[in-house]
Amino acid sequence: MTGHVDAVGRIRKLKSIGSDHELEISAPKSVMDYVVNKGSIAVDGISLTVAGVRRNWFRLWIIPHTMQVTNLSEKERGSRVNLEADLIGKYVRQFTDAYTKA
């Protein structure tokens, strides 16, 4: 992650499950094109692992430590968050686009 913001998403679900949290974030296509299951995404600068992907949103599982030491503990349903897609995905897309257009 580089600290750049690719787009703004919105929290659609934030639910406690035991000591963990399930977090679902709606995101624009410009970010969703790079979101893959078990890939990385930064949410408000926090690098996290994707736990599920749908057409216009993705799911994250947040462990207690992450929830305690980041601003995620201050978020709620409807909160806006800054998103940064995985840099490797961006490079792969750039190379495959160049190859398919050649």
Side-chain angles (χ1 to χ4, degrees):
M1 301 288 139
T2 63
H4 297 116
V5 176
D6 293 321
V8 175
R10 189 168 299 273
I11 294 178
R12 53 180 266 133
K13 181 179 183 181
L14 180 56
K15 176 181 175 182
S16 295
I17 300 179
S19 59
D20 295 335
H21 289 81
E22 179 183 29
L23 176 61
E24 291 179 357
I25 299 175
S26 296
K29 184 177 182 341
S30 62
V31 170
M32 291 305 300
D33 285 346
Y34 302 101
V35 179
V36 296
N37 194 38
K38 298 187 181 179
S40 297
I41 189 158
V43 177
D44 280 354
I46 307 157
S47 182
L48 300 166
T49 302
V50 176
V53 180
R54 298 296 184 268
R55 186 177 60 81
N56 62 354
W57 60 272
F58 58 92
R59 177 178 294 123
L60 305 163
W61 288 98
I62 310 299
I63 63 172
H65 179 76
T66 301
M67 188 59 82
Q68 291 169 359
V69 300
T70 66
N71 70 347
L72 293 177
S73 63
E74 301 167 9
K75 301 294 181 178
E76 58 188 26
R77 187 172 185 257
S79 294
R80 294 167 48 106
V81 290
N82 293 322
L83 302 174
E84 180 186 359
D86 183 57
L87 187 60
I88 294 172
K90 292 175 188 177
Y91 283 129
V92 168
R93 179 77 176 266
Q94 182 178 358
F95 289 131
T96 57
D97 283 354
Y99 178 75
T100 58
K101 292 176 184 174

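Start at 1 with the first residue, then count along the sequence.
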Handout entry: Same apolar cluster (I L V M F W Y, side chains within < 4.5 Å links), Leu83/Val53
Key = yes
List the atom pairs, donor and acceptor, that lie under 3.5 Å between side-chain atoms in residues 6-16 and the rest of the protein, sequence neighbours left out.
from	atom 1	to	atom 2	distance (Å)
Asp6	OD1	Lys90	NZ	3.1
Asp6	OD2	Ala85	N	2.7
Asp6	OD2	Lys90	NZ	2.8
Arg10	NH1	Gly78	O	2.6
Arg12	NE	Glu24	OE1	3.1
Lys13	NZ	Glu22	OE1	3.2
Ser16	OG	His21	NE2	3.2

Practice task
State which residues pass side chain to side chain contact (heavy atoms under 4.5 Å, CB included) with Tyr91; sequence neighbours excluded, sorted by chain then number.
Solution key: Leu87, Gln94, Phe95
Fill in the blank from the handout: Value for NE2 (His65) from OG1 (Thr70), rounded to nearest 0.5 Å, stands at 9.0 Å
Handout entry: Test side-chain contact (heavy atoms from CB on, under 4.5 Å) applied to Met32 and Arg54, step by step
Key = CA-CA 9 Å; Met32 291 305 300; Arg54 298 296 184 268; over 6 Å; no
Fill in the blank from the handout: dist Leu23:CG -> Ser79:OG (nearest 0.5 Å) comes out at 9.5 Å
Exercise for the section: Would you mind reporting whether Pro64 and Asp20 have side-chain heavy atoms less than 4.5 Å apart? Expected result: yes
Exercise for the section: Determine the minimum heavy-atom distance between Val50 and Val36, stating which atoms define it. Expected result: CB-O, 3.4 Å
Exercise for the section: Treat each ILVMFWY residue as a node, draw an edge where side-chain heavy atoms are under 4.5 Å apart, and state whether Val81 and Met67 are in one component. Expected result: yes
Fill in the blank from the handout: CD1 (Ile62) and CG (Leu48) are apart, to the nearest 0.5 Å, by 4.5 Å
Fill in the blank from the handout: So CD1 of Ile46 and CD1 of Ile41: to nearest 0.5 Å the spacing works out to 12.0 Å
Exercise for the section: Give every residue pair that meets the salt bridge (Lys or Arg N to Asp or Glu O under 4.0 Å) criterion with at least one member in residues 41-52, sequence neighbours excluded. Expected result: Asp44-Lys75
Handout entry: Minimum side-chain heavy-atom gap Ser26-Asn56 below 4.5 Å
Key = no
Exercise for the section: Considering non-hydrogen atoms only, spot the tightest contact between Ala27 and Phe58 and give its length. Expected result: CB-CE2, 4.0 Å
